[in-house]
Amino acid sequence: MAEVGVLLLNLGGPDRQEDVKPFLYNLFADPEIIRIPFAPLQKPLAWLIATSRAPKSRRNYQAIGGGSPLRAMTEQQGRVLKKALASRGLDAQIYVGMRYWHPFTEEAVRQIKADGVRRLVLLPLYPQYSISTSGSSLKLLDQLWARDAQLKSIERIAINSWYSRPGYIKAMGERVREGLDRFDDPDRVHILFSAHGVPRSYVDQDGDPYQRQTEETVDLVMGALGRPNAHSLAYQSRVGPVEWLKPYTEETINELAQKGVRSLLAVPVSFVSEHIETLQEIEIEYREVAEAAGIHDFRRAKALNVSKTFIDDLAELVIENLGVYSR
Ligand SMILES: C=CC1=C(C)c2cc3[nH]c(cc4nc(cc5[nH]c(cc1n2)c(C)c5CCC(=O)O)C(CCC(=O)O)=C4C)c(C)c3C=C
Ligand SMILES: [Fe+2]
Ligand SMILES: [Fe+2]
């Protein structure tokens, strides 16, 4: 068994319709996702919010085949990453640890112990760091390590964010270029980067670097793209009554239509895999918004998935981090 492990961290998603409500409960029970000031109320409120959101969420998953493709895609990324590492001379075992659904992070960690891994790279599959995503997964791992003597002997190498890596930016640029070149007149297309939102208070009160890193990502991708297109950044997937990062994607689509934009390429930013936010929210909901506003040529750039440029860069990222920490 390999001495080096790489733990891919992601959010997880329901595999089937029956999983939607328990998945939502796990998500809302996490104080990094929803802050309930009085801790004993976190779980009962999580149950209430999950119960009220489940019907809408189930319909959305139904529209993309019944469940989330996130697990299958993350596992495929893991297999391709293993090969990319092997071709660079590193024999590493890849694990997938989801935060709110199977395979849970705790299950992955049990396997990591059983396999006798000595050095473990923690690699969040979120390019930009947010308290609500990478932060939550890394915090859970801290808690698991704190209470387990056997785990303490495994060297942990945590990667917080990797949005500014030239390989990732190049891979994003390739996806944008592929998307643009499907239009009749690529240079006249407006590029709308759509990032997952977070509540505004995460940034203003808690110092979440997510917004800054997302803005930087867009600047870097536009710089690497070398095309003359106009572009904007907006935030999608708002949940609940509080204010989230603005502008909201839906409002931006309407404003762009009013300004005369007729061809739009939506580019998902915070996700490296297809999942409900790309397949349902962008492809179905935002397409309808665009159509209704008069943008009839609405397309979407593919998520990175197993882009060779992207996976090769992840392999380099893992190797560089192992090198830095090797003694
Ligand atoms: C309510 C708070 C939420 C915050 C904050 C949040 C941040 C956040 N999420 C992602 C990526 C993903 N989110 C996914 C699903 C999902 N997220 C929320 C809520 C918050 N996310 C909900 C309620 C759900 C369930 C789906 C739904 O009902 O809309 C997923 C999984 C998608 C899948 O295919 O199953 C991902 C991935 C990021 C990147 C982020 C902040 C930066
Ligand atoms: Fe989310
Ligand atoms: Fe959503």
Side-chain angles (χ1 to χ4, degrees), residues 8-17 19-36 42 45-46 48-75 77 96-102 124-137 160-161 163 193-203 206 208-215 217 233 235-245 249 268-286 303-305:
L8 301 178
L9 300 167
N10 213 331
L11 192 126
D15 298 308
R16 301 160 304 170
Q17 290 278 288
D19 302 336
V20 171
K21 191 170 149 189
F23 158 73
L24 289 174
Y25 170 79
N26 291 341
L27 181 106
F28 293 124
D30 180 2
E32 306 305 320
I33 286 279
I34 288 206
R35 295 267 162 83
I36 310 291
Q42 183 87 35
L45 279 175
L48 277 176
I49 304 168
T51 305
S52 74
R53 191 177 170 86
K56 178 180 177 210
S57 208
R58 266 196 294 267
R59 274 196 303 282
N60 290 345
Y61 281 107
Q62 192 60 53
I64 63 164
S68 173
L70 197 60
R71 178 179 186 162
M73 179 49 72
T74 309
E75 286 172 346
Q77 286 166 330
V96 171
M98 299 294 194
R99 184 67 183 86
Y100 308 116
W101 203 245
H102 300 277
L125 287 179
Y126 309 100
Q128 301 82 15
Y129 179 94
S130 167
I131 296 166
S132 60
T133 54
S134 308
S136 174
S137 282
N160 281 299
S161 66
Y163 66 94
F193 291 92
S194 188
H196 199 297
V198 296
R200 164 108 254 138
S201 64
Y202 283 44
V203 175
D206 307 321
D208 198 336
Y210 176 75
Q211 182 180 23
R212 180 183 56 75
Q213 295 189 356
T214 302
E215 289 171 357
T217 305
L233 164 64
Y235 294 91
Q236 65 175 82
S237 317
R238 185 163 66 102
V239 180
V242 299
E243 188 182 328
W244 281 44
L245 294 182
T249 300
V269 181
S270 346
F271 326 113
V272 296
S273 311
E274 303 299 355
H275 66 293
I276 195 162
E277 320 287 7
T278 59
L279 300 172
Q280 193 276 331
E281 196 163 4
I282 299 183
E283 283 283 354
I284 302 177
E285 284 182 43
Y286 295 144
L304 292 176
N305 297 329

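Indexing begins at 1, ligand by ligand and atom by atom, following the structure's order. Only a predicted model underlies this, so the values are computations on that prediction, with no experimental measurement involved.
- Closest approach of L245 and R200 over heavy atoms only: CD2-NH1, 3.8 Å.
- Listed by atom number, the atoms of ligand 1 under 4.0 Å from I276 heavy atoms are 32 (C), 33 (C), 34 (O).
- S161 places no side-chain N or O within donor-acceptor distance of the main-chain N or O of Y163, the cut-off being under 3.5 Å.
- Of the polar atoms of Y61, at least one N or O is found under 3.5 Å from an N or O of ligand 1, judged by distance alone.
- Neither the backbone nor the side chain of N60 has a heavy atom within less than 4.0 Å of ligand 1.
- Contact record, S132 with D208: N-OD2, 4.4 Å, taken as the closest heavy-atom pair.
- Figure legend: cation-pi geometry between R35 and Y202, with NZ or CZ positioned under 6.0 Å from the six-membered ring centre and within 45° of its axis.
- Of all the listed residues (L11, T133, D19), T133 holds the heavy atom that lies closest to atom 40 (C) of ligand 1.
- Considering backbone and side-chain atoms alike, S57 places an N or O below 3.5 Å from some N or O of ligand 1.
- Contact annotation: for Y129 versus ligand 1, there are no heavy atoms closer than 4.0 Å.
- Atoms of ligand 1 found under 4.0 Å from any heavy atom of W244 (numbered from 1 in listed order, with element): 2 (C), 3 (C), 4 (C), 5 (C).
- Close contacts between ligand 1 and V198 involve ligand atoms 41 (C), 42 (C) [criterion: under 4.0 Å to a heavy atom].
- Judged by distance alone, with hydrogens and angles left aside, the side-chain atoms of Q213 form a donor-acceptor pair with the main-chain N or O of Y129 at under 3.5 Å.
- Listed by atom number, the atoms of ligand 1 under 4.0 Å from H275 heavy atoms are 30 (C), 31 (C), 32 (C), 33 (C), 34 (O), 36 (C), 37 (C).
- Less than 4.0 angstrom separates some heavy atom of F23 from each of these atoms of ligand 1: 25 (C).
- Of the possible donor and acceptor atoms, none in the side chain of T278 sits under 3.5 Å from a partner among the backbone N and O of E274.
- Residue-ligand proximity: E277 is placed with a non-hydrogen atom under 4.0 Å from ligand 1.
- Not a single donor-acceptor pair under 3.5 Å links the side chain of S137 to the backbone N or O of S134.
- Using a 4.5 Å heavy-atom threshold, the side chains of Y210 and H196 count as touching.
- Of the listed options L245, L27, I49, L27 places a heavy atom closest to atom 17 (N) of ligand 1.
- Heavy-atom distances between G67 and ligand 1 stay at or above 4.0 Å for every pair.
- Residue contacts with ligand 1 do not include I64, since none of its heavy atoms lies under 4.0 Å from the ligand.
- For ligand 1, the atoms sitting less than 4.0 Å from at least one non-hydrogen atom of F28 are 1 (C), 23 (C), numbered in the order shown with element in parentheses.
- If you number the atoms of ligand 1 from 1 as listed, the ones under 4.0 Å from a heavy atom of G13 come out as 35 (O).
- Put simply, no part of W101 is less than 4.0 Å from ligand 1, judged by heavy atoms.
- A heavy-atom distance below 4.5 Å is not found between the side chains of S270 and Y235.
- Between H196 and ligand 1, an N or O atom pair is found at a separation short of 3.5 Å.
- Near S68, meaning under 4.0 Å from one of its heavy atoms, ligand 1 places the atoms 33 (C), 34 (O), 35 (O).
- Using modelled atom types, one finds no donor on one side chain facing an acceptor on the other under 3.5 Å when comparing Q128 with T214.
- For the ligand labelled ligand 1, residue Y235 lies outside the 4.0 Å heavy-atom shell.
- Judged by distance alone, with hydrogens and angles left aside, the side-chain atoms of E277 form no donor-acceptor pair with the main-chain N or O of A195 at under 3.5 Å.
- Put simply, the side chain of T133 does not reach to within 4.5 Å of the side chain of P124, judged on heavy atoms.
- Ligand 1 has a nitrogen or oxygen under 3.5 angstrom from a nitrogen or oxygen of R53.
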side-chain contact (heavy atoms from CB on, under 4.5 Å) evaluation trace for Y25 with I49: CA-CA 8 Å; Y25 170 79; I49 304 168; over 6 Å; no

